[in-house]
Engineer: 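Handing you a structure now.
The first residue in the sequence is number 1, and the count goes up from there. For ligands, and for the atoms within them, numbers begin at 1 and follow the listed sequence. Computed over heavy atoms, backbone and side chain alike; hydrogens, waters and symmetry mates excluded.
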Amino acid sequence: MTYVIKARSSATELSILRSLHSRVALVENEFKRFVNLSKGLEGEDQFIHLIESLQSDTYLLHDICFEHNHSVFQIDTMLISEKEILLFEVKNYEGEFVYDAGTFRLVSNNQEIINPLHQLNRSIALLRSMLKSSNLSIKGYLAFINPEFTLLQAPVDTPIILPTQLKRFMKRLEQVPSSLSAKHLQLAEGLLKLHLPKSPYVRVPHYAYEELKKGILCSSCFTFMEQKDSRFMSCKNCGLSEVVDDSIMRSIEELRLLFPDRMITTRQVWDWCGSDVSIKTIRRVLGQNYTPKGLRRHRYFVDKILIDSTTN
Ligand SMILES: [Zn+2]
């Protein structure tokens with residue numbers, strides 16, 4: 001099966017924009033970005049779904065960004081199998097294109113577009129140089145995922161996967177036997193360490209804690225929920241009902257996503273949840289699901305798993 005070592009950062013950006021959209025007014029270009037990202041992700045969903053459902057043993061890293069020899073390069077999806085590393089440049093282009101003497105042109109107006117194969121080849125070359133000592137071979141593919149995309153005169157010897165070939169490509173990939181060892185995991189984790197976390201490709205607008213509307217957002221329609229009784233939250237907009245513990249946990253994760261530097265204290269979570277859930281309930285949920293650190297008045301909470309792994 002596939003093991004996802006790093007998820008998509010566009011998914012993170014979308015989550016942030018989705019929260020902001022509910023809690024503060026986005027300016028026009030930010031809202032546009034939000035809508036485009038939602039649409040773009042829908043387009044990429046099929047590819048991600050296909051590659052993450054591969055039955056053969058592989059490690060996957062999505063949206064990773066490296067710097068090597070003063071050059072920054074980004075890879076949409078990297079697949080590590082027993083014998084090779086595959087890079088995928090994923091494009092959601094729509095319309096009719098023609099491939100002619102190494103250039104991509106729009107059929108409608110004969111306009112040349114930036115050749116995505118150049119970017120892919122650059123990434124392959126940089127990664128090869130970065131992983132000089134590895135004996136895995138490195139190959140790259142340009143995957144067009146939009147079913148409304150056509151490429152005329154696509155030569156068979158270019159590493160292009162057309163929307164109609166995606167499923168077959170994945171099937172072939174699955175038939176290559178692959179078994180992963182500690183060496184592969186070391187490689188995947190080493191690459192994750194080299195990843196530039198503040199990738200210049202993730203752009204979100206600036207926001208401050210104080211300017212965001214507080215409260216618990218519905219997980220389905222992202223409007224604010226209300227407390228039904230001591231155990232349940234409900235959404236007036238879509239009718240969703242949820243155990244209050246789950247609503248609080250979700251809100252804590254959202255808070256950590258938006259403000260990774262803030263300490264998770266009882267009062268902080270209470271304020272973030274719009275102060276309508278009782279302090280007592282917040283304290284109980286934090287106590288049951290996180291590990292307390294620090295003394296009484298300065299108590300804050302961290303992940304249970306993180307503590308467990310350091311004591312092992
Ligand atoms: Zn709702």
Side-chain angles (χ1 to χ4, degrees), residues 4 7-49 52-53 62-63 92 202-260 262 264-290 301 303-305:
V4 180
R8 279 177 296 173
S9 55
S10 52
T12 310
E13 186 183 353
L14 179 62
S15 304
I16 293 175
L17 285 175
R18 189 181 281 135
S19 305
L20 292 180
H21 178 53
S22 300
R23 296 179 184 275
V24 71
L26 292 178
V27 299
E28 200 189 322
N29 67 335
E30 293 160 359
F31 180 70
K32 224 171 165 179
R33 172 84 184 142
F34 169 55
V35 173
N36 286 347
L37 211 49
S38 320
K39 282 191 187 158
L41 279 182
E42 279 168 31
E44 283 165 32
D45 270 353
Q46 199 207 357
F47 177 82
I48 300 288
H49 177 74
E52 288 188 355
S53 345
H62 299 297
D63 288 333
N92 194 20
V202 177
R203 309 164 296 163
V204 289
H206 177 78
Y207 53 90
Y209 181 81
E210 291 70 28
E211 65 196 19
L212 301 190
K213 197 173 167 196
K214 312 299 187 293
I216 294 175
L217 293 178
C218 170
S219 63
S220 167
C221 70
F222 303 99
T223 60
F224 286 96
M225 298 183 95
E226 284 175 17
Q227 190 155 24
K228 202 156 135 194
D229 51 47
S230 61
R231 291 189 53 222
F232 285 96
M233 299 291 296
S234 68
C235 174
K236 273 207 170 135
N237 188 49
C238 74
L240 186 97
S241 173
E242 185 179 41
V243 176
V244 71
D245 293 34
D246 295 342
S247 309
I248 295 171
M249 293 286 287
R250 257 189 324 100
S251 299
I252 294 172
E253 290 318 308
E254 188 194 348
L255 174 66
R256 301 210 311 175
L257 173 72
L258 291 172
F259 301 98
R262 284 208 165 227
I264 301 300
T265 64
T266 307
R267 192 151 282 274
Q268 169 65 79
V269 174
W270 175 73
D271 183 63
W272 178 245
C273 292
S275 30
D276 40 328
V277 179
S278 75
I279 281 256
K280 222 177 104 188
T281 307
I282 305 266
R283 188 174 293 131
R284 176 181 59 74
V285 171
L286 276 169
Q288 282 170 355
N289 299 285
Y290 293 83
F301 294 84
D303 272 330
K304 270 215 160 113
I305 310 148

Engineer: Salt bridge check, Glu253 against Arg256: does any charged N sit closer than 4.0 Å to a carboxylate O?
Structural biologist: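 Answer for the salt bridge query: yes.
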
Engineer: I need the protein N, O or S atoms closer than 2.8 Å to the Zn ion (ligand 1), given as residue plus atom name.
Structural biologist: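 Those protein N, O or S atoms (cut-off: under 2.8 Å from the Zn ion (ligand 1)) are Cys218 SG, Cys221 SG, Cys235 SG, Cys238 SG.
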
Engineer: Ignoring hydrogens, what is the shortest heavy-atom contact between Ser241 and Phe232? Give both atom names and the distance.
Structural biologist: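 For Ser241 versus Phe232, the nearest heavy atoms are OG-CD2, 3.7 Å.
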
Engineer: Could you give all pairs that pass the salt bridge (charged side-chain N to carboxylate O under 4.0 Å, His left out) test and reach residues 266-283, with sequence neighbours left out?
Structural biologist: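 For residues 266-283, and leaving out neighbouring residues, there are no salt bridge (charged side-chain N to carboxylate O under 4.0 Å, His left out) pairs at all.
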
Engineer: Which word best sums up how the rings of Phe259 and Tyr209 line up, parallel for under 30°, tilted for 30 to 60°, or perpendicular for over 60°?
Structural biologist: perpendicular

Engineer: Can you tell me which residue pairs pass the salt bridge (charged side-chain N to carboxylate O under 4.0 Å, His left out) test with a partner in residues 222-236, sequence neighbours excluded?
Structural biologist: Glu226-Lys236

Engineer: Output all residues satisfying side-chain contact (heavy atoms from CB on, under 4.5 Å) with Asp245, sequence neighbours left out; order by chain, then residue number.
Structural biologist: Val243, Arg284, Val285, Gln288

